[in-house]
Amino acid sequence: MIPDPSRMRDGLARMIAEAVDRIWGPEVLEDDQQAEVASSSNPEFGDLSCQVAMQLARKVRTGPVEVARRIVEELGPVPGVSSFTVDGPGFINITLSGSFLASYCHSLAVSGLGPHLPDLGAGRTALVEFVSSNPTGPLTVGHCRQAVLGDAISRLLGAMGWKVSREYYYNDGGRQMELLGRSLEVRYRGGEESDIPEGGYRGNYLSGWAEDLRSEYGDGLEWESDRDTFVSYAEKRAMDMIRSDLELLGIGYDRFFTESELIPEAVDRTIHMLKRTGTFGESLVYSDPGSSNKLWLRFTELGRPQDRVIRREDGSYTYRMPDIAYHVDKFRRGYDLLVDVFGSDHLDTSRDVVAALEAIFGADEVRRRLRVVIHQFVTLLCGGERIKMSTRSGEYVTLSRLVEDVGSADVTRYLFLTRRAEAHMDFDLDLARRESSENPVYYVQYAHARISGILRTAEDAGVNVPEEYDPRMEDILSGVHERELMRLLESIPVETAAAAESLEPHRLTEILASLATGFHRFYQHVRVVDGDRPFESSSRLMLCRACMRCIADLLGILGVNAPRRM
RNA sequence: GCGCCCGUAGCUCAGCUGGAUAGAGCAGCGGACUUCUAAUCCGCAGGCCACAGGUUCGAAUCCUGUCGGGCGUACCA
């Protein structure tokens with residue numbers, strides 16, 4: 001059996017729980033979680049630790065240190081563990097054996113991180129919706145964060161065994177598109193700035209489209225008769241622009257889903273469902289007292305702050321309604337997991353959508369299958385100035401401009417992923433550019449490139465990593481620096497799984513930084529390739545290769561390249 | 001006003017389903033290249049974890065309140 005950190009931890013937790021059962025009886029532990037075995041914070045406390053003794057002390061009326069001692073005594077020797085100690089207020093600290101760590105690292109070196117990541121998805125399907133910006137102009141810095149976040153979450157789930165699809169949903173039939181078409185038409189006929197309607201779009205990109213439109217269709221188009229041409233042309237150009245912006249970051253979708261694919265059947269059906277689900281015999285949907293055509297949804301009945309109009313006087317829907325119908329559609333399509341990635345400006349709407357879904361499918365079902373990630377806004381600092389972004393005014397920093405200014409998709413992606421979604425983010429453009437040689441990304445990539453260099457040197461010297469693990473390697477890797485690096489590698493699969501479970505890709509940047517530091521430190525102290533000592537070289541090379549595979553695999557999950565030379 | 005998010009080193013941020021001395025990058029200061037890449041490493045300095053209470057054997061982490069900042073509070077999306 002391949003040595004594996006996750007299995008080792010689970011196994012130890014189970015053994016500890018069983019030991020507790022044998023000593024104090026099965027009713028003492030509330031659940032298996034209580035005996036959880038986690039990474040130790042500090043090497044002097046071993047590799048792993050368990051704090052169950054401190055939690056049990058009161059219940060079994062024994063001091064925590066004594067509780068820990070009895071558990072350790074009951075455990076006896078465990079394969080893969082070199083020692084158990086009781087430290088501090090009652091921690092059970094566990095030191096893994098050199099052979100366990102070395103053979104695990106051999107597996108990493110040969111097969112990479114993949115086989116050691118827990119199969120959380122187990123082939124189940126997930127749909128990740130992100131960006132979903134209406135096609136009215138180029139994507140901005142704000143979308144950039146969401147794009148990178150959604151893509152990284154998708155990759156992360158994919159790495160954990162989920163079958164992931166990415167979807168972009170947009171409204172192609174609403175008032176916004178009408179305004180966009182109208183704004184294009186003004187440019188097309190060479191109208192004045194003041195002709196652009198209230199709420200219309202003023203970006204320069206529209207002039208270019210207008211020119212192209214003229215050369216394609218001539219200059220005889222009229223708003224009254226060719227409305228659809230203007231609108232659909234604008235939509236097409238806008239979506240082309242969005243797609244190519246996303247491509248700059250290496251982001252693609254499995255499907256672009258438009259609102260018109262829903263209307264009218266799906267929306268009507270959804271309204272029907274909501275009508276039937278009212279409590280106290282009262283429908284969730286009710287007509288406006290002043291107009292039979294206008295419909296309200298009784299959100300207050302669902303614990304939301306206020307009722308909302310879902311269908312206007314003229315029969316068109318407000319944005320919440322198709323959004324709910326779209327989510328119903330996604331539920332119906334049978335995905336095991338739905339992930340929505342939204343900016344904080346959509347929080348309120350999202351809550352309403354979730355409330356409506358709970359009314360239709362039941363709260364348990366929704367809680368089990370839908371997870372919403374809300375990220376905070378990005379403030380762009382440029383020349384010490386804060387830039388407020390707005391697509392409509394035409395004043396904004398576009399995603400493509402940003403990627404160009406930062407100078408690299410890798411850097412852009414990585415920098416956006418170093419903060420957790422809920423944290424506000426100041427993105428200092430000057431700093432991103434200026435620091436680009438001493439950037440956290442390059443720090444990590446450099447570790448990868450350095451190891452690649454070692455591998456090249458090793459190849460020239462005829463040193464390689466054997467296909468099969470050789471138990472004698474354990475002795476070579478017993479030095480403090482080797483040991484330290486193996487300890488670090490041991491924690492990676494578990495940490496990665498935790499990042500996936502919480503949908504927090506930023507944790508991978510933390511893992512990568514510590515991995516790179518670990519390697520750089522190791523490199524400083526240990527010579528790997530030594531022509532006179534082939535077995536030593538090969539053993540250490542194995543460790544380097546394990547490290548390199550982990551870095552490459554984790555960077556891959558973030559969508560960042562792992563260069564072999566820098 | 002109400003709802004959600006945030007407040008940790010000079011700056012940007014990790015750490016938050018409670019645990020053992022609070023971390024990183026940048027900026028500052030001082031060291032280390034005859035070496036598989038110095039885009040590196042080592043050291044120093046820098047903190048009432050916004051504030052006040054509470055729960056606990058134990059709180060940056062959980063609860064309450066206060067003060068700051070962001071977003072939302074549309075028959076726009």
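Letters A, B, ... are given to chains in the order of the sequence lines, protein chains preceding strands, and every chain is numbered from 1.
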Using only heavy-atom distances, decide whether a donor-acceptor pair under 3.5 angstrom links the side-chain of [X] to the base of [N].
{"X": "N93(A)", "N": "A20(B)", "result": "yes"}
{"X": "H424(A)", "N": "G69(B)", "result": "yes"}
{"X": "Y442(A)", "N": "A39(B)", "result": "no"}

| query | Does NZ or CZ of R450(A) fall inside the cone over Y523(A)'s six-membered ring, less than 6.0 Å from its centre and within 45° of the axis? | reply | yes

Would you say [X] reaches [N]'s phosphate, i.e. side-chain N/O to OP1/OP2 under 4.0 Å?
{"X": "R420(A)", "N": "C6(B)", "value": "yes"}
{"X": "R450(A)", "N": "U40(B)", "value": "no"}
{"X": "Y443(A)", "N": "A24(B)", "value": "no"}

Answer yes if the side chains of [X] and [Y] hold a donor-acceptor pair under 3.5 Å, and no otherwise.
{"X": "H143(A)", "Y": "T140(A)", "value": "yes"}
{"X": "E261(A)", "Y": "T258(A)", "value": "yes"}
{"X": "R175(A)", "Y": "S316(A)", "value": "no"}
{"X": "S260(A)", "Y": "D172(A)", "value": "yes"}

| For RNA chain B, the dot-bracket pattern of Watson-Crick and G-U pairs whose distances stay under 3.5 Å, | for other-strand partners | (((((((..((((.....[...)))).(((((.......))))).....(((((..]....))))))))))))....

| request: Return the stacking result for A20(B) and F91(A): yes when the ring centres lie under 5.5 Å apart and the planes under 30°, no otherwise. | output: yes

| G70(B) pyrimidine/purine six-ring stacking with F377(A), under 5.5 Å and 30° | no

| query | Do any of residues 505-513 of chain A sit with a heavy atom less than 4.0 Å from RNA chain B, and if so which? | reply | H506(A), E510(A)

| task | Using a strict cut-off of less than 4.0 Å between a Lys/Arg side-chain nitrogen and an Asp/Glu carboxylate oxygen, indicate whether R483(A) and D47(A) qualify as a salt bridge. | result | yes

